[in-house]
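Written below as structure tokens is the structure these notes are about.
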Protein chains: 2
Amino acid sequence: MSRRSGVLEFAVLGLVRESPMHGYELRKRLNTSLGVFRAFSYGSLYPCLKTLVQQGWLAEEPGGDPGDPRGTPLSNRRAKIVYRLTAEGKERFEELLSQTGPDAWEDEHFGVRFAFFGQTSRDVRMRVLEGRRSRLEERLAKMRASMARTREKLDAYTLELQRHGMESVEREVRWLNELIESEREERDRRDQRDRGDTTT
Amino acid sequence: MSRRSGVLEFAVLGLVRESPMHGYELRKRLNTSLGVFRAFSYGSLYPCLKTLVQQGWLAEEPGGDPGDPRGTPLSNRRAKIVYRLTAEGKERFEELLSQTGPDAWEDEHFGVRFAFFGQTSRDVRMRVLEGRRSRLEERLAKMRASMARTREKLDAYTLELQRHGMESVEREVRWLNELIESEREERDRRDQRDRGDTTT
DNA sequence: TCGTTCATGTAACGCGTTACATGATTGC
DNA sequence: GCAATCATGTAACGCGTTACATGAACGA
């Protein structure tokens with residue numbers, strides 16, 4: 001069955017979709033370009049690429065550097081393998097993009113989801129953002145409850161740690177609120193335009 | 001060799017040190033009391049307890065609930081196992097506490113370290129805080145560099161994600177600055193007192 | 001008595017890393 | 001020629017989770 005839910009699969013599909021790449025470069029992009037992804041090692045990346053090829057979502061293409069203008073592969077100028085997204089792979093990626101279940105709200109997953117928001121419908125975006133927000137609010141509630149229960153018994157450092165932790169979560173909630181608000185505004189503005197914009 | 005570096009071991013030793021406990025309660029404390037620890041499952045906790053006993057750091061004690069006043073175990077009123085820290089366990093914990101190497105600065109580890117700061121010398125505290133800070137500053141530098149390189153090519157969402165990520169890190173750096181500053185002040189005040197406080 | 005929570009454990013698996021092995025290409 | 005870095009891969013292991021199994025104690 002190979003649940004293969006992983007963040008890696010998602011990120012790889014999304015990155016390769018933007019432009020074909022070989023593994024080594026893919027890894028750099030995971031670290032830097034999309035700043036928030038964690039640094040996966042080759043030990044995870046290459047096996048993952050293999051299975052994605054097996055699934056038929058990626059296709060291997062031997063050949064020169066895709067970003068390299070001096071075309072003419074004089075003989076077989078490199079053992080590079082360039083991966084590109086197949087039609088099925090694109091479908092798969094879109095399927096992953098459209099999922100708005102609880103998985104999409106977890107810390108790791110959410111980061112990737114957000115990074116690919118540009119390729120998503122506003123509906124999905126709002127659902128993911130709102131899901132994430134309510135998840136964080138649940139977490140906040142628990143933290144507050146636990147703090148109320150244990151406040152007096154804890155030393156200054158533990159307390160400070162909890163305080164800072166809570167503040168971080170609260171801060172992310174505010175961030176989400178802004179994002180949701182701006183999505184809403186955009187949507188409303190668009191609706192108005194579509195209806196003929198009679199009110200001004 | 002069983003490197004057993006894990007956060008779990010550290011947290012368990014620290015919690016059991018405060019007061020003997022059985023596994024089930026230990027787990028609740030990992031989730032809530034020390035708010036920041038992640039929620040370990042029993043599947044990790046119980047095996048961990050076992051190995052800690054094997055190492056001689058914890059001792060099992062059958063018997064009633066430690067926080068239960070009605071002593072008299074009528075027959076053998078429960079299959080509970082209460083764990084307490086042995087002398088070697090205390091030594092081990094102190095050894096872990098005194099480590100100021102790079103491990104102590106990693107995200108997960110740092111949280112636990114901080115939670116037990118109350119049991120640490122100011123020297124160690126400052127080293128850990130400063131280590132953590134410089135690690136975050138390295139990270140910031142990388143993020144800034146990467147953003148400078150890729151700014152134009154990225155869509156609004158990716159950019160926003162990076163911006164928010166950077167702001168989070170910057171915020172933690174400010175937090176650390178305050179903590180370090182207050183540690184420094186306390187130290188200076190103490191030094192002054194010890195020297196006779198001639199200047200006023 | 002019957003469901004819930006307390007309490008302990010294990011086996012299979014997921015997902016990733018580390019350390020290792022290999023070799024081509026580039027720049028000095 | 002030689003070092004650095006680009007580039008691809010694998011085997012062993014670490015560390016944790018899920019799902020399962022078991023049973024005592026408690027409250028309605």
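Labels below follow one simple rule: chain letters A, B, ... track the order of the sequence lines, proteins then strands, and each chain is numbered from 1. Values reported hereafter were calculated over all heavy atoms of this structure, with side chains retained and with hydrogens, waters and symmetry mates removed. Note that the coordinates shown come from a computational prediction; the quantities given were computed from them, not determined experimentally.
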If you check every side-chain atom of H22(B), which of dT10(C), dT8(C), dA7(D) has the closest atom? dT8(C)

Could you tell me whether R27(B) sits above the aromatic face of Y42(B), with NZ or CZ closer than 6.0 angstrom to the six-membered ring centre and within 45 degrees of the axis? yes

If you round to the nearest 0.5 Å, how far is CD of E95(B) from CG of L13(B)? 10.5 Å

Pair R84(A), S19(A): side-chain N/O donor-acceptor within cut-off below 3.5 Å: no

Could you state the atom-to-atom distance from NZ of K28(B) to P of dT8(C) in whole Å? 11 Å

Please state how far atom CZ in R27(B) lies from atom C1' in dT5(C), giving the value in whole angstrom units. 13 Å

Expressed in angstrom and rounded to an integer, what is the separation of Y46(A) atom OH from dA11(D) atom P? 16 Å

E130(A) and salt bridge (charged side-chain N to carboxylate O under 4.0 Å, His left out): which single residue from R184(A), R125(A), R135(A) fits? R184(A)

Round to the nearest Å and state the distance from L45(B) atom CG to dT10(C) atom C1'. 14 Å

Measure the acute angle between the ring planes of W175(B) and H164(A), then classify it against the limits of 30° and 60° as parallel, tilted or perpendicular. parallel

When all nucleic acid strands are considered with a 4.0 Å heavy-atom cut-off, which category describes G23(A): base, sugar-phosphate, or nothing? sugar-phosphate

Can you tell me how far P of dG16(C) sits from CZ of F40(A), to the nearest Å? 5 Å

Nearest to side-chain heavy atoms of Y24(A), which nucleotide of dT17(C), dT8(D), dT18(D): dT8(D)

Which of dT10(D), dG16(D), dT10(C) is nearest the side chain of K50(A)? It is dT10(D)

Spacing between H109(A) atom NE2 and dC15(C) atom C1', to the nearest angstrom: 14 Å

From CG of L49(B) across to C1' of dT10(C) the rounded distance in Å is 15 Å

What is the distance from CG of D107(B) to P of dG16(C), rounded to the nearest Å? 17 Å

Nearest to the side chain of S41(B), heavy atoms from C-beta on, is which of dG16(D), dT18(D), dT17(C)? dT18(D)

Distance check: side-chain N/O of K80(A) vs OP1/OP2 of dT25(C), anything under 4.0 Å? no

